[in-house]
Amino acid sequence: MTSLPLDQRLAAVRTAFTEQFGHEPEGVWRAPGRVNLIGEHTDYNDGFVLPFALEQSALVAASSRPDGVVRISSRDLGETHELAPHQVVPGSGGWQAYLAGTVWALRDSGAAVGGLDIMLSSDVPVGAGLSSSAAIECAVMAAALDLFALDVAPLERARLCQRAENVYVGAPTGLLDQAASTLCADGHALFLDCRSFASRQVPLPLAEAGLEILVLDTHTPHTHVDGEYAARRAACEQAAHILRVPALRDVDDLDGALARLDDDLLRRRVRHVVSENARVLETVDLATSGRLEAIAPLLDASHASMRDDFEITVATVDLAVETARGAGALGARMTGGGFGGCIIALCRAGQGDAVGREVARAFSEHDFTAPSWFVAHPSDGAGRVG
Ligand code: ADP
Ligand code: MG
């Protein structure tokens, strides 16, 4: 997976806008995809996550219109939709719902948002768990706020984008993706408390530390994900109820909690969530004190916990992680909700690509679909770029 440099992408989306709509855009806005460094299935347990924004991003060239009409075009799909004001309401599907939904969420919150012409172009891989959906929502959000001179606090922007995805698109997702795409900062990961939504920038100077992070998409078809996800959530809620805590985030004494649960499956689910929260906190401490290499064993431990206790990994993902470790990665884990998606591997600088090739070789030996990969660079959250 290689991306074009930002200036070339900017020029291309501007040209596409002008060709489609017959006038120049007023500006171009960008919002990134994201990858979670550590903290999986902790969000709905009121716990901690540590995502960082990718260079891969959605670009939106846009201009305002006085008439309330929203015209949406995807340069990537070569498709354009025109929505009259009364059509910008939940219930219509398609990719354009992510963009129209963001305009709707803003209008529904009382913001005076008029019409828009929008040209979208994104290089965030779609459906890989890298949040291509949040990237396009957050890019449209940034554009609409600037074009209509609106002042909305960053976390509220993320919430409105989440509302677009939950209500307009109809996907019951948490706030993590939109918060990361909105709040992340260049060269940092975002430590996010999913109870209070307080956040803190955590330095991630990978290059200075002689390190890089490989992101490898296993291209595993997601099957039964929704049911498995619901089952994990239900197990966590059931365990919290038995343990008489508001959420598993509140379990301080893991051994004590495990002793109070009869059911082995619940015990393993609890052990994952509680230990994963602890690993996020430890990762934040290590990164804050400049000891990036020392997070490698935490990545390994996170993967083992997802594989053995939370049971959300699959054969492709486990093979990718094992092969990456065997090929010299310092630590590796699945990232995202599970049952496929991407892995991340912490590698010495310059080694990520070779690790990716080694995983591709192993996949070919197992007759798995070929993976794709890139070296990630922690980047900035949503904003104007042109
Ligand atoms: P993820 O966010 O993990 O990539 P989702 O299923 O949440 O996966 O969102 C993917 C959807 O977002 C696509 O099916 C499509 O509707 C929309 N999308 C993403 N990128 C683009 C694009 N460049 N052009 C049009 N639609 C896009
Ligand atoms: Mg998504």
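Please read all numbers here as calculations on a predicted model, not as lab measurements. Atoms within each ligand, like the ligands themselves, are counted from 1 in listed order.
- Heavy atoms of D177 found under 4.0 angstrom from ligand 1: none, in either backbone or side chain.
- Atom 9 (O) of ligand 1 has S133 CB, 3.3 Å as its closest protein atom, hydrogens excluded (heavy atom only).
- Put simply, Y168 and L116 are part of the same group of oily side chains (I, L, V, M, F, W, Y) that touch within less than 4.5 Å, one to the next.
- Scanning all protein heavy atoms for the shortest distance to atom 3 (O) of ligand 1 gives G129 N, 3.3 Å.
- Nearest protein heavy-atom contact of atom 27 (C) of ligand 1 is I136 CD1, 3.9 Å.
- Of the protein's non-hydrogen atoms, the one nearest atom 17 (C) of ligand 1 is Y98 CE1, 3.8 Å.
- For atom 4 (O) of ligand 1, the closest non-hydrogen atom on the protein side is S132 OG, 2.6 Å.
- Residue W95 has at least one heavy-atom neighbour below 4.0 Å for each of these atoms of ligand 1: 15 (C), 16 (O), 25 (C), 26 (N).
- In summary, the side chains of Q351 and E212 do not present any donor paired with an acceptor at a separation below 3.5 Å, with no hydrogens or angles considered.
- Ring pair Y44/Y229 is perpendicular by interplanar angle, where above 60° counts as perpendicular and below 30° as parallel.
- Proximity to L120 (heavy-atom distance under 4.0 Å) selects the following atoms of ligand 1: 22 (C), 24 (N), 25 (C).
- Residues V13 and L4 do not share a hydrophobic cluster, clusters being chains of Ile/Leu/Val/Met/Phe/Trp/Tyr side chains in contact below 4.5 Å.
- Residues F17 and H23 bring their aromatic ring centres within 6.0 Å.
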Pair R361-E358, salt bridge (charged side-chain N to carboxylate O under 4.0 Å, His left out): steps then yes or no: CA-CA 5 Å; R361 201 188 51 77; E358 202 50 37; 2.6 Å; yes
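- For the pair S181 and R34, the minimum side-chain heavy-atom distance is 4.5 Å or more.
- Looking at atom 24 (N) of ligand 1, its nearest protein heavy atom turns out to be S74 OG, 3.0 Å.
- If you look at H188 and F52, their ring centroids are not closer than 6.0 Å.
- The nearest N, O or S atom of S132 is not closer to the Mg ion (ligand 2) than 2.8 Å.
- Closest to atom 23 (N) of ligand 1, if we only count protein heavy atoms, is D76 OD2, 2.5 Å.
- Ligand-side atoms of ligand 1 in range of V126: 4 (O), 10 (C), 13 (C), 19 (C), 20 (N), range being under 4.0 angstrom from any heavy atom.
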